[in-house]
Amino acid sequence: MDIQERGCREVSRQGVVAAVRGAVADVEILQRSACAGCHVKALCAAGESAVKTVQVANQGNLRPGMTVRVSLEERIGWIGVAVGFVIPLVLVVTVLFSLTRVVPREEFAGLGAVASLVPYYALVYAFRGFFARIVRFRVSEVDSGEEEQRGGAPFHIVRKEGTS
């Protein structure tokens, strides 16, 4: 059953295969802010970008340098946001308010609240195999027509002659 048949939404980004090691391929995806393509971005602190690398299953057809589209079901992204940000925030706030009633100094309550993240992230790390089974990236090859339609290769901003 395809993702579109189930009515699920997906998030997809274009990337370039950086390396292939047997059954695993590293795909680099350029993550840009909305204004990263602006011509005055050098003068503005808001225009930033970073290259993210994701590991995907190689079905045998991926080669380094190949332009691909990496897709993930949107609900899996929301699970990542919850595990990485929402649950830790709730944990810190809950522990902080609980400790302020028991511990006489606010500094120790704050340290205890931040220290509560250590066992939480240790548990997340311990269950990384479980999360790896849940998070499944789908990879599809991008044809040259789609790449041109989206404004060229995702990692290069090409300045045309005559533009500033």
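Along the sequence shown, the residues carry numbers beginning at 1. Here the structure is a predicted model, which is why all the values come from computation and not from measurement.
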Short side-chain to backbone donor-acceptor contact, Asn58 and Gly22, under 3.5 Å: yes

If you look at every heavy atom in [X] and [Y], which pair is closest and at what distance?
| X | Y | answer |
| --- | --- | --- |
| Val142 | Arg69 | CG2-N, 3.5 Å |
| Ala82 | Pro88 | O-CD, 3.9 Å |
| Ile29 | Arg13 | CG2-CB, 3.7 Å |
| Val24 | Gln55 | CG1-CB, 3.9 Å |
| Ala18 | Pro64 | O-CB, 4.0 Å |

In Å and rounded to the nearest 0.5 Å, what is the [atom1] to [atom2] distance from [X] to [Y]?
| X | Y | atom1 | atom2 | value |
| --- | --- | --- | --- | --- |
| Arg9 | Arg75 | CZ | CZ | 13.5 Å |
| Leu62 | Glu141 | CG | CD | 8.5 Å |
| Glu74 | Glu10 | CD | CD | 10.0 Å |

Pair Val20-Arg63, side chain to side chain contact (heavy atoms under 4.5 Å, CB included): steps then yes or no: CA-CA 7 Å; Val20 177; Arg63 304 174 310 281; 5.7 Å; no

With Arg101 via salt bridge (charged side-chain N to carboxylate O under 4.0 Å, His left out) - residues at least two apart: none

Beyond-backbone contact of Val17 with Glu28, side-chain heavy atoms, under 4.5 angstrom: no

Partner residues of Val135 under the side chain to side chain contact (heavy atoms under 4.5 Å, CB included) criterion, sequence neighbours left out: Leu72, Ile76, Phe137

Residue list, side chain to side chain contact (heavy atoms under 4.5 Å, CB included) with Glu106, at least two apart or on another chain: none

Residues Val56, Val54; criterion side chain to side chain contact (heavy atoms under 4.5 Å, CB included); working and verdict: CA-CA 6 Å; Val56 298; Val54 294; 4.2 Å; yes

Single-linkage hydrophobic cluster, 4.5 Å side-chain cutoff, Phe131 and Val70 together: yes

Criterion side chain to side chain contact (heavy atoms under 4.5 Å, CB included) on Val68 and Val27, from CA distance to verdict: CA-CA 8 Å; Val68 294; Val27 178; 3.8 Å; yes

Considering only distance and modelled atom types, tabulate donor-acceptor pairs under 3.5 Å from the side chains of residues 110-125, sequence neighbours left out.
from	atom 1	to	atom 2	distance (Å)
Ser116	OG	Ala113	O	2.5
Tyr120	OH	Val83	O	2.6
Tyr121	OH	Gly84	O	2.9

Would you tabulate the side-chain donor-acceptor contacts of residues 91-100 under 3.5 Å, counting partners in other chains and residues two or more places apart, or write 'none'?
from	atom 1	to	atom 2	distance (Å)
Thr94	OG1	Val90	O	2.7
Ser98	OG	Thr94	O	2.8
Thr100	OG1	Leu96	O	3.3
Thr100	OG1	Phe97	O	2.8

Contacts of type side-chain hydrogen bond (donor to acceptor under 3.5 Å, both in side chains), residue Arg105, not counting sequence neighbours: Glu107

